[in-house]
Amino acid sequence: MTRPKPDKVERVACVGGGYIGAGWAAGYLAAGKDVMMCDPDSDAEAKARVIINQAWPYLERLGLAEGASRKRFRFTTSVEEAVADAHFVQESAPDREDLKIALFKQMDAAAPADVVLASSSSSFMPSSLQSKCIHPERIVIGHPFAPSYLMPLVEVVGGTVTDPEIIDWTVDFYEAVGRKVMKLKKEIESYVANRLQNVVLEEAASLVAQGICDYQDIDFAVTYGPGLRWAFAGPITCYHVGGGKGGVRHMIDHFGWMGDEDANHQLIAAVDDMYGHLSMEELECWRDENLMVMIQGFKPVPGKY
């Protein structure tokens, strides 16, 4: 098999079910792909179909499932059958490193040599996952976020022997099925977004342990505070806009920055690259319009607040 262009992929294998795997399957079906899922559990197919059906109305509302069909979903308990004629493989087995290493060895032996094998791992180094493979150059991380049928972000990173062209192909493939892709410059455990989440969770546990607040307060603070801004702007942009008309330069002068002088210059240069074409008034208007969308569209937990 010759690997097709990223936007010409027709057949995707989802190896490993569960919430993440079934979510991927729903997303690939909505993108017009044939999907073969593989999972050894006796009730995995039924559970996957429940999740796909649950996801489908949301995918339709987003316009992502136009002309697509859930009838293109198939199921097998055989890894070899799942990957035999796939154009792309998405692994979503339980997050155990030994299990994933063995599974990648099995998939690598069965899949055509030029088919990309991507892992949904949330923490493991791709160099470890590819360590027992005959064709390790085609192994990448394609880390999603739950629910994987709705959340756009996919983090892509290769291991020490992953072919750079494979990484670029994978980025293009995920973008072709509607994902927002971040390509890491080098591998690290837990990648980027999970490491950021973990910092917040660790600080939350510390605050509760100190008796300052409880866990409900943590969610309340993020939901009605920085979370509203982070949803569309992110912490670096919020830091810049928080400086008022002086932007990031005022924030550094007034509050300081944890990095050294080189880090300060790097931050300022990054912000200038992102927003140097806009006045602060234009950027503040963009922020406020997005906040209005968030606040007006916000749906609280049923029976709460």
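Everything numeric in this text was worked out from a predicted model, so none of it was measured.
Residue Arg49 qualifies as enclosed at atom CZ: its count of foreign heavy atoms under 6.0 Å is above 12. Shown here is Gln210, whose CD atom has more than 12 heavy atoms of other residues, nucleotides or ligands within 6.0 Å. Residue Gln54 places its CD atom among more than 12 non-hydrogen atoms of other residues, nucleotides or ligands, all under 6.0 Å distant.
A salt bridge links Asp108 with Arg138: the closest approach of a Lys/Arg side-chain nitrogen to an acidic carboxylate oxygen falls below 4.0 angstrom. Between Lys47 and Asp41 there is no salt bridge, since no side-chain nitrogen of the basic residue lies less than 4.0 Å from a carboxylate oxygen of the acidic one. Salt-bridge check for Asp95 with Lys100: passed, with a basic side-chain N closer than 4.0 Å to an acidic carboxylate O. A salt bridge between Glu175 and Arg179 is absent, with no side-chain N of the basic residue lying under 4.0 Å from a carboxylate O of the acidic one. A salt bridge links Glu281 to Lys245: one of the charged nitrogens lies within less than 4.0 Å of a carboxylate oxygen.
Hydrophobic clustering, with ILVMFWY side chains joined whenever heavy atoms are under 4.5 angstrom apart, groups Val154 together with Tyr28. Linking Ile, Leu, Val, Met, Phe, Trp and Tyr residues whenever their side-chain heavy atoms come within less than 4.5 Å places Leu29 and Met37 in a single cluster.
In terms of heavy atoms, Asp39 sits closest to Gly16 at OD2-C, 3.8 Å. Closest of all the heavy-atom pairs between Cys238 and Trp230 is SG-CD1, 4.0 Å. In terms of heavy-atom proximity, Tyr149 sits nearest to Gly23 at CB-O, 3.4 Å.
Proximity of the aromatic rings of Phe232 and Trp286 is defined here by a centroid distance below 6.0 angstrom, and this criterion is met. The ring of Tyr174 has its center closer than 6.0 angstrom to the ring center of Phe88.
For Tyr191 and Ser122, the side-chain atoms include no donor-acceptor pair closer than 3.5 Å. With no hydrogens or angles considered, no side-chain donor-acceptor pair links Asn264 and Glu261 at under 3.5 Å. Under the 3.5 Å distance criterion, with hydrogens and angles disregarded, a donor-acceptor pair is assigned to the side chains of Ser119 and Glu91.
The aromatic rings of Phe73 and Phe75 sit tilted, their planes meeting at an angle between 30° and 60°. Between Tyr224 and Phe220, the ring planes lie tilted relative to each other; the angle falls in the 30° to 60° range.
A donor-acceptor pair is defined here as one N or O able to donate and one able to accept, closer than 3.5 Å; no such pair exists between the side chain of Glu81 and the backbone of Ser78. For Thr170 (side chain) and Ile166 (main-chain N/O), a donor-acceptor pair under 3.5 Å exists by modelled atom type. Looking only at distances, a side-chain donor or acceptor of Asp217 sits under 3.5 Å from a matching main-chain atom of Asp214. With Gln130 contributing its side chain and Glu137 its backbone, the two residues share no donor-acceptor pair below 3.5 Å.
Of the candidates Glu155, His143, Glu189, Asn194 forms a side-chain contact (heavy atoms from CB on, under 4.5 Å) with just one, namely His143.
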Item to complete: Carefully, step by step, assess Tyr239 and Val271 under the rule side chain to side chain contact (heavy atoms under 4.5 Å, CB included).
Response: CA-CA 10 Å; Tyr239 187 76; Val271 169; over 6 Å; no
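To the nearest 0.5 Å, atom CG of residue Asp172 and atom NZ of residue Lys5 are 11.5 Å apart.
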